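Down below is the structure, laid out as structure tokens.
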Amino acid sequence: MTQSVVVQVGQCGNQVGCRFWDLALREHAHVNKKGLYDEALSSFFRNVDSRKCDGEAHVVGGRIQHLKARAVLVDMEEGVVNEILQGPLREMFDSTQLLTDVSGSGNNWAVGHMTYGSAYREQIVDKLRKAAEHCDCLQCFFLIHSMGGGTGSGLGTKVLSLLEEEFPEVCRIVTSIYPSAEDDVVTSPYNSILAMRELTEHADCVLPVENQSLVDIVKKIKHMSHSGKPGTVIRRESAIISGQGGLIGAEKPFDAMNNIVANLLLNITSSARFEGSLNMDLNEIAMNLVPFPRLHYLVPSLTPLYTLADVSVPSRRLDQMFSDAFSKEHQLIRADPKHSLYLACALMVRGNVQVSDLRRNIERLKPSLPFVSWNQEGWKTGLCSVPPVGHSHSLLALANNTCVKTTFMELRERFTKLYRKKAHLHHYLHVEGMEQSHFSEALSSLSSLIEEYHQLDATKGRLMPGAPRLRIAR
Amino acid sequence: MSVVTVQLGQCGNQVGQQLLHSLLCDAQNGQRKELCTATRERFFHQDTHGELVARAVLIDMEPKVINQSISRAARSGMWRYGETSHFSQKQGSGNNWANGFCVHGPAHREVVEELVRREVERCDRLSGLLAMMSVAGGTGSGVGTYVTQCLRDVYPKSFILNHLTWPYGTGEVIVQNYNSVLTLAHLYQLSDAILVHENDTVHQICSQLLNIKHISFADVNSVIAHQLGSVLQPALTADSQGAYSRNPLGELVSALCCHPEFKLLSISSIPQVPLASMAYSSFSWPSLLKHLRQMLISNTKMEEGIDWQVRPPAAAERSRSLTAGGFNTSLANVLILRGKDVYSAETGGFEDPALYSSWLSPQEAFSVWKSPVPFNKYEKSATLVSNSQALLRPLDSMVGGAWNMFASRAYIHQYTKFGISEEDFLDSFSSLEQVISSYKQLR
């Protein structure tokens, strides 16, 4: 069994991470009734003896003594991390896993990336190495951060390049929260685009999540649970925004949104944590879904987003789940994959679903989904037998789809608006190590990325003849 | 003589376990002392307590499937795997052939060679090595190819037969065509014969002949094991003078693979019916063989949906047209008959020169193995191992799919990362195009 380490950077990263750990515990508690430290737990948790000062870890098989998250928490202010340390999850982290400062990055990518990046470089590497040493077969780093602020985007992407330097063999999957257009951080377009270049160059996979999509989903679920038509009553506790059954009782403002992202992470790691008849290893994600190294942005969609109280038609509901995964409403970015071009698609299914269900639904949906000419059979599937808490089955679809370019183009537009006037630029250029070329290079990196998606899109619908085959001389 | 089985990757380990299990179950069923002794000697040895231990080595880059296979064998109470004859790591090859072939394979070369050497030395006489794997994933295909290469180095004079499972057309793995092309192109240089099962075909057999509703991988594997077992279970050959054939792999290779350009073997069995309806079915040799012959020449892998219109071309036609209306030309065939009244079975239909290439006479191209002992509860059964154009179409679409992807250079960076270059791909493509062209021109 392999292990993974979660690295959460900045306010948003730590809040989402905190929700992930809470829900992961809830999920394991639901399955693991005997209280034994099993292989499933070992992939994201260590089992230590807290009586010993060095916290010697136990091997798989014994009783759960004291679970520690395989995590590194980084923030340049204290608020969120302190909150975690005072909350019910406090015992899952110890000081060797934490790194904080007091003054924050002031929503400035350059401060996070350059100033803090060089000041804390040694300490960060040290903590990452510690976390890695606790693993006996480290497979993957999950980085969680936001793109809009200073710490998450700046220092977060610094951590990403450190990971690449220090652990080139270990897969890096990044969950990035993109700011909405009405973001209250005025410099968020700058920060996002500076961070984008780092993601394009240093990540193996990026799962983009748009803040606005999270807002929309939460709104819709809350609306439905209040409208209360008979037969469509939503069981609040099984909605994807719910944290019920977790350790943390009272809901905080962003919890509903963060829970969605936490569920994304739970589902993507489910195959690494639990058994299934068709296991999908984490290193198979990039191998199957990333045909070109820079085009590694995978659009996630989650279904079901909620379950209805009335579950009398389960088999139709199962097929509905597959259809929903391709609808606009279930994407975690605001985009429409069905009307763009698929390069590849993975279906990660959890719960009581058979290979024949998978094959039937792929056959059913395939005709309506445009795939790039050289990858008409571009499907990768995984089956994990343990469903999420409160559901009988669930599906996470990861699509390498050209629709992601819309998000990037909107971002570029907002960036250009500011950049044309050189607004706020001096805040960045003050920072040691930051030059204006960083802006122009980041912009051209993004533009060439968008161009690559454009070019693929242009092949859509065109009847591409097969490449002329090699001829054999006789 | 004995066969050492090398099980590689998830698929190889599942199918291998199922194969050994069916062989032993069948041999120990009823009073068949002679056959049972021959099967035991071929695939098993006895430990000091008299327990049967498989002459097999299990190799995978992750532990889950190996553990399942080992415990499943032990649970049978009839046989087990050797306590130390397996090797696994913690992390799989991630569907990447290059990772398996260039990284995992070389890293564990010595351990694997040592495991195989121990099994080989335990054999009084070695008939050869049977390497079982899939071509789609990373470990079976990549590590499997590397291990085959090592075995070829260490045992240059032994027979090596590769059993390959070809993936579903729309698969569990997106890069399966690349992995398949790399595997096949390399194995073609190393292996004496390549015996192929296609998942799609086997899946069809499960649903249409065996009436299985929810088909699982276990169902698919047991069909493969049945067909393969009916070939590998001891039988009497023309010159074995009433004793069970000594050298199954050698006999198979020499009967079927007379030319290094032609190594792809397909397999079809008849009858295949659900266990429940077996008691109500009766079969006659003429009818079984008539069906099997038509399955061969019309290239149908099942006794259902056979095209009876296909006829062998007349001598005059042969020189004119390349492909005569779906007719499947054979280079060589081995027919294996097992069961009641086997000596009365008339196999003349398979000796028609029109079935074969013009450069091999039917006497050289066709052989029959027989055994009066029924196989796997079928009163009468026939299996045909064929070196023919049967695999041309799936091979062509596999190479075509991979080539289309390669033209856009999609996914290539994942392979160059581990040391497989574009030139390596091109070499593999051109050697398989050569194979395709040779089979196309078979007449």
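A note on names: the letters A, B, ... follow the listed sequences, proteins ahead of strands, and every chain is numbered from 1. As the structure is a prediction and not an experimental result, all values here were calculated from the model.
- Between chain A and the options Phe429(B), Trp403(B), Phe406(B), heavy-atom pairs under 4.5 Å are most frequent for Trp403(B).
- For the set Asp281(A), Leu289(A), Ile285(A), the entry with the most heavy-atom pairs within less than 4.5 Å of chain B is Leu289(A).
- Asn279(A) touches chain B through its side chain: at least one heavy atom from C-beta onward sits under 4.5 Å away, while N, CA, C and O do not.
- For the set Asn96(B), Asn99(B), Ile412(B), the entry with the most heavy-atom pairs within less than 4.5 Å of chain A is Asn96(B).
- In this structure, Ser421(B) and Asp424(B) have side chains that are in contact, with non-hydrogen atoms separated by less than 4.5 Å.
- For a residue to count as touching a neighbouring chain, one of its non-hydrogen atoms must lie under 4.5 Å from one of that chain's; by this rule Leu295(A) does not touch chain B.
- Proximity to chain A is limited to the side chain of Lys64(B), based on heavy atoms less than 4.5 angstrom apart.
- Sparse packing is recorded around CG of Asn352(A), with 12 or fewer heavy atoms of other residues, nucleotides or ligands lying under 6.0 Å away.
- Counting heavy atoms from C-beta on, the side chains of Phe262(B) and Val435(B) never come closer than 4.5 Å.
- For Glu62(B), no part lies near chain A; criterion is any non-hydrogen pair under 4.5 Å.
- In this structure the side chain of Val404(A) never reaches within 4.5 angstrom of the side chain of Leu298(A), judged on heavy atoms.
- Crowding of Glu165(A) atom CD: a count of heavy atoms from other residues, nucleotides or ligands under 6.0 Å exceeding 12.
- If you measure heavy-atom distances from Leu138(A) to chain B, the contacts under 4.5 Å come from the backbone alone.
- Contacts between Cys171(A) and chain B at a heavy-atom distance below 4.5 Å are absent for every atom of the residue.
- Between Tyr411(B) and Phe292(A), the distance separating the two ring centers is not shorter than 6.0 angstrom.
- Aromatic pair Tyr146(B)/His186(B): centroids not less than 6.0 angstrom apart.
- Chosen from Ile215(B), Val399(B), Asn177(B), the residue pairing most often with chain A at heavy-atom distances under 4.5 Å is Val399(B).
- In this structure, chain B has a heavy atom under 4.5 Å from the side chain of Leu278(A), while its backbone stays farther away.
- By the 6.0 Å contact criterion, CD on Glu275(A) is open, its count of non-hydrogen atoms from other residues, nucleotides or ligands being 12 or less.
- The greatest number of non-hydrogen atom pairs below 4.5 Å with chain B, out of Leu282(A), Leu347(A), Asn283(A), is found for Asn283(A).
- The residue among Met280(A), Arg469(A), Gln354(A), Arg471(A) with the most heavy atom pairs within less than 4.5 Å of chain B is Arg469(A).
- The choice from Pro468(A), Ser373(A), Cys345(A) that makes the most heavy-atom pairs within less than 4.5 Å of chain B is Pro468(A).
- Of the possible polar contacts, none joining the Tyr415(B) side chain to the Tyr178(B) backbone as a donor-acceptor pair under 3.5 Å is found.
- Between chain A and the residues Gln414(B), Lys213(B), His413(B), the most heavy-atom pairs under 4.5 angstrom are made by His413(B).
- In this structure, Arg273(A) forms no cation-pi arrangement with Phe45(A), as its terminal cationic atom is not both closer than 6.0 Å to the ring centre and no more than 45° off the ring axis.
- Ranked by heavy-atom pairs under 4.5 Å with chain A, the first of Gln10(B), Gln91(B), Met405(B) is Gln91(B).
- Comparing Leu343(A), Asn375(A), Val290(A) by heavy-atom pairs within less than 4.5 Å of chain B, the highest count is held by Val290(A).
- The side-chain heavy atoms of Ile212(B) and His203(B), taken from C-beta on, include no pair separated by under 4.5 Å.
- Both the backbone and the side chain of Asn288(A) come within less than 4.5 Å of a heavy atom of chain B.
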